[in-house]
Amino acid sequence: MSAPSRFGVFAVTFAAAYAVLYVLAVDQNWALFTYHPATNTFAPLTGKAPAGPSMYWYGWMTTAALGAGVLAALVSLLPAGLTRRIWSGVAWAVPLCVIVVFAFLLKGYFLR
Amino acid sequence: MWVTLLIVHGLLAFLLLGAISHQVVSAWAPSHARRGNILARFSAVPGAGYVNAVIALYIVNASFGGLIYTLYRISARLTLEQGRFWKTFGAFELKEHLVAVGLGLLPAYWYFWRSPAAEDHPRTRLMLTTLLAFIVWWGFIVGHLANNIRGLAT
C-alpha cells in the first residue's frame, strides 16, 4: 500500500485476520459464548444446552472480531515503513480463500 | 412477530440487493451516459454514494437475520433435515458463514471507497465490492429458497 492511513492498515489487516480467525473458530469450535434458543439462555464458551440445540455462530463471530480487532490494532501501530509493504489485496484475497474453504467443508451437502 | 420480522428482513435484503448491484455494475463498467440503454443508465451511478447505505443495510439486515436464525435453528432447520433437502440445507449453512465473513469486510470496503488515501487501489475496491455483492446475492437467493420450502407461519 502506498501511504496508507492507520485506519487503512487496520481495515486491511482486520478483513484478512477476521476471515482466518472465523474459519479457525468454526473448525475448532472456539466460541466465546453459546446461545441456547430453546431455553433463551447464554453460556460462556461452548457450554452444553440444557435442552434443544446449541448455537455457536454468534460466539464464533465474537471470537473472530475480538481477535482480529486486537491484531489489526497492533499492526496499525507499526511504523509506516513496514505497513506500506502490506498488499491491500489481502483484504479481499484472504476472505475469498476462506469462502472457498467453507465451500469445500460443506461440499458433502451438495454431492449427496 | 416472526413472520413480520421475516418480511422486514426480506424487504431490507431487497434494498441492499439493489444498492450493491448498482454499485458493483458501476464499478465493473463505469458509464457516464445519462441517456442510452437501461444497462448504461443502471451503471451510471456514483458508486461512492452507496457505501454508507450498503454498510448500514448490511448490518441491520444481518442483525435481523441473526435474530430470525434462532427460530430457524429450532424449527425450519428440522424441516430441511427431515425432508432431506440437503442442497438447500448446505447452501443455508454456507450463507451463515458468508454473511459472517462479509461483516469483517465492511471496514475495508468503507476505507477503499471513501478514503482519499485509497484512491490508487481501484482493484481492491472492485474486488471488495464484488465479494460483498456475491455474499448479498447468495444470502438473498438461499434465504428465499429455504423460506419457500418451509413456508410462512407453518
Side-chain angles (χ1 to χ4, degrees), chain A residues 1-23 25-26 35-40 51-55 57-58 60-62 64-65 68-69 72 87-99 101-103 105-112, chain B residues 62-63 65-78 80-81 84-132 134-135 138:
Chain A
M1 296 175 69
S2 58
S5 67
R6 285 204 188 280
F7 179 74
V9 175
F10 176 90
V12 167
T13 312
F14 184 85
Y18 175 88
V20 171
L21 286 173
Y22 179 75
V23 73
V26 172
Y35 177 64
H36 308 303
T39 54
N40 192 26
S54 299
M55 296 180 71
W57 185 60
Y58 312 102
W60 293 332
M61 285 193 291
T62 309
W87 177 48
S88 68
V90 297
W92 61 265
V94 174
L96 180 63
C97 292
V98 165
I99 288 172
V101 169
F102 275 120
L105 291 173
L106 295 169
K107 70 179 187 306
Y109 291 115
F110 303 102
L111 301 176
R112 291 188 184 199
Chain B
S63 303
L67 195 60
I68 297 165
Y69 188 42
T70 59
L71 183 67
Y72 165 85
R73 187 65 184 81
I74 56 177
S75 61
R77 181 170 152 149
L78 294 176
L80 296 183
E81 284 178 316
R84 306 176 74 79
F85 294 103
W86 297 121
K87 288 184 175 62
T88 307
F89 185 91
F92 202 90
E93 292 287 303
L94 189 55
K95 169 187 171 168
E96 161 192 331
H97 299 309
L98 291 185
V99 169
V101 170
L103 282 169
L105 295 177
L106 295 180
Y109 166 77
W110 184 90
Y111 175 76
F112 284 100
W113 271 105
R114 299 304 294 258
S115 173
E119 279 180 2
D120 52 346
H121 298 279
R123 182 175 295 275
T124 300
R125 180 170 59 229
L126 179 68
M127 292 308 292
L128 282 168
T129 311
T130 305
L131 203 52
L132 214 51
F134 172 74
I135 290 169
W138 183 276

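Each chain gets a letter, A, B and so on, in the order its sequence line appears, and its residues count up from 1.
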Student: Just give me the residue among B:H97, B:M127, B:R123 that pairs up with chain A most often, heavy atom to heavy atom, under 4.5 Å.
Tutor: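 Greatest number of close heavy-atom pairs with chain A: B:H97.
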Student: For the residue pair A:W87 and B:T124, confirm or rule out a side-chain donor-acceptor distance under 3.5 Å.
Tutor: no
Student: So what's closer than 4.5 Å to chain B heavy atoms on A:F102: side chain, backbone, both or neither?
Tutor: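 For A:F102, the contact with chain B is made by backbone and side chain together.
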Student: If you count heavy-atom pairs under 4.5 Å with chain B, which of A:A16, A:A65, A:A91, A:P53 comes out on top?
Tutor: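 Counting heavy-atom pairs under 4.5 Å, the top option is A:P53.
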Student: With a 4.5 angstrom heavy-atom cut-off, could you sort out which part of A:F10 is near chain B: side chain, backbone, both or neither?
Tutor: neither
Student: Examine whether an atom of A:L106 lies under 4.5 Å from a heavy atom of chain B, and if so say whether it belongs to the side chain, the backbone or both; otherwise answer neither.
Tutor: side chain
Student: Please confirm whether A:F14 and A:Y18 have ring centers closer than 6.0 angstrom.
Tutor: yes
Student: Does B:R84 CZ have over 12 foreign heavy atoms under 6.0 Å away?
Tutor: no
Student: Using a 3.5 Å cut-off and no angle test, enumerate the donor-acceptor pairs between side-chain atoms of residues 68-75 of chain B and protein atoms at least two apart in sequence or in another chain.
Tutor:
from, atom 1, to, atom 2, distance (Å)
B:Y69, OH, B:E96, OE1, 2.4
B:T70, OG1, B:L67, O, 2.6
B:S75, OG, B:L71, O, 2.7

Student: Need one label for B:L128: side chain, backbone, both or neither, based on atoms under 4.5 Å from any heavy atom in chain A.
Tutor: both
Student: Atom CZ in A:F7, atom OH in B:Y111: separation rounded to 0.5 Å?
Tutor: 9.0 Å
Student: Pick from B:R77, B:K87, B:E93: which one has the most heavy-atom pairs with chain A under 4.5 Å?
Tutor: B:K87
Student: Is B:R125 reaching over with its side chain to a backbone N or O of B:W113, donor-acceptor style, under 3.5 angstrom?
Tutor: no
Student: Is a side-chain donor or acceptor of B:W138 paired with a backbone partner of B:A91 at a separation under 3.5 angstrom?
Tutor: yes
Student: Which answer fits A:V90, side chain, backbone, both or neither, if we ask what part of it has an atom under 4.5 Å from a heavy atom of chain B?
Tutor: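 No part of it gets close to chain B.
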Student: Chain A heavy atoms under 4.5 Å from B:L94: which part of the residue, side chain, backbone, both or neither?
Tutor: both
